[in-house]
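In what follows, every chain begins at residue 1, and chains take the letters A, B, ... in the order their sequences are listed. The analysis underlying the following values was restricted to heavy atoms, covering all of them including side chains, and did not include hydrogens, waters or symmetry mates.
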Amino acid sequence: QQQVKQSPQSLIVQKGGISIINCAYENTAFDYFPWYQQFPGKGPALLIAIRPDVSEKKEGRFTISFNKSAKQFSLHIMDSQPGDSATYFCAARSNNQGGKLIFGQGTELSVKP
Amino acid sequence: DGGITQSPKYLFRKEGQNVTLSCEQNLNHDAMYWYRQDPGQGLRLIYYSQIVNDFQKGDIAEGYSVSREKKESFPLTVTSAQKNPTAFYLCASSWGSNQPQHFGDGTRLSIL
C-alpha cells in the first residue's frame with residue numbers, strides 16, 4: 001500500500017512533442033505529490049508538486065494532472081526539448097509519516113532533436 | 001550560496017570497513033534525510049531526522065547509522081553489516097516534515 005508505481009520506464013519523444021509520465025498509488029493518506037527531475041551525476045531537483053484538492057497544476061511547459069478517484073497522477077511536458085532529457089521521479093507523502101517520500105521507479109526521458 | 005553539500009562525490013570502501021558520508025546544509029532546515037538510489041528502483045529512505053539529537057529509521061536502515069549533533073550536519077555511516085553498499089547516496093533537507101525536500105548532488109559509493 002506504500003508503493004508508487006511509475007510508467008513507462010523509458011520514453012523517447014521527438015523535439016516539440018508531448019512527454020507523458022504516469023504514476024499510481026494505493027495509500028489514500030498521501031496528501032502531497034511532487035515530481036523530481038534528475039540529470040546524470042546530480043541529485044533530484046523539485047520540478048512541480050500538487051496536492052489532492054486540485055485536479056491540475058501548470059508551471060510553464062510542465063503540467064501535473066491529478067485524478068483522486070483513480071489514485072493516479074501524471075506529468076505532461078509540452079513542447080519537449082533535448083534539454084529535458086533526464087530521469088523523472090514521481091513521489092508521494094502522507095503528513096503523518098515525518099515527511100517520508102515514497103518514490104516511483106523513475107522514467108528515463110530522451111528527447112530527440 | 002545556500003545549499004546542501006555532500007562529500008566526497010566518489011568513495012571507495014574495502015570489504016569489512018565502515019565508511020562515513022558527509023552531508024552539510026546551510027539552509028537552516030530542521031529536517032534532514034538520507035536516501036539510497038539503485039538503478040531502476042527509485043529512491044529509498046534510510047534514515048531521517050526532524051530535529052537535532054533525534055532521528056528515525058526509514059525503510060532500509062539495516063547496516064547504516066546516523067547522528068544529528070548539529071542542525072546543519074547529518075552524517076551517514078555505512079557499516080560492514082551492510083551487505084550490498086554499492087549505490088548512489090543522496091541527502092536531502094526541508095524546513096519541516098511537510099515542506100518540500102531539496103537534495104544534494106550525492107555520493108557514489110563503490111566496494112573495492
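Interface remark: Q6(A) contributes no atoms to any contact with chain B (heavy atom separation under 4.5 Å). Using a 4.5 Å cut-off between heavy atoms, L101(A) contacts chain B through both its backbone and its side chain. The contact between P44(A) and chain B is made by backbone and side chain atoms together, counting heavy-atom distances below 4.5 Å. For Q6(B), no part lies under 4.5 angstrom from a heavy atom of chain A. Contacts of L90(B) with chain A are made by side-chain atoms alone, with heavy-atom separations under 4.5 Å and no backbone atom involved.
Classification of R68(B) and D54(B) as a salt-bridged pair fails, no side-chain N sitting under 4.0 Å from a carboxylate O. Of the charged side-chain nitrogens involved, at least one lies within less than 4.0 Å of a carboxylate oxygen, so that E59(A) and K57(A) count as a salt-bridged pair.
Ring geometry for F103(A) versus F103(B): interplanar angle over 60°, hence perpendicular rather than tilted (30 to 60°). Between Y25(A) and F66(A), the angle of the ring planes stays under 30°, which puts this pair in the parallel group of the 30/60° scheme.
For the residue pair R108(B) and Y89(B), no side-chain donor N or O sits within less than 3.5 Å of a side-chain acceptor on the partner.
Listed options G41(A), S94(A), A45(A) were ranked by heavy-atom pairs under 4.5 angstrom with chain B; first place goes to G41(A).
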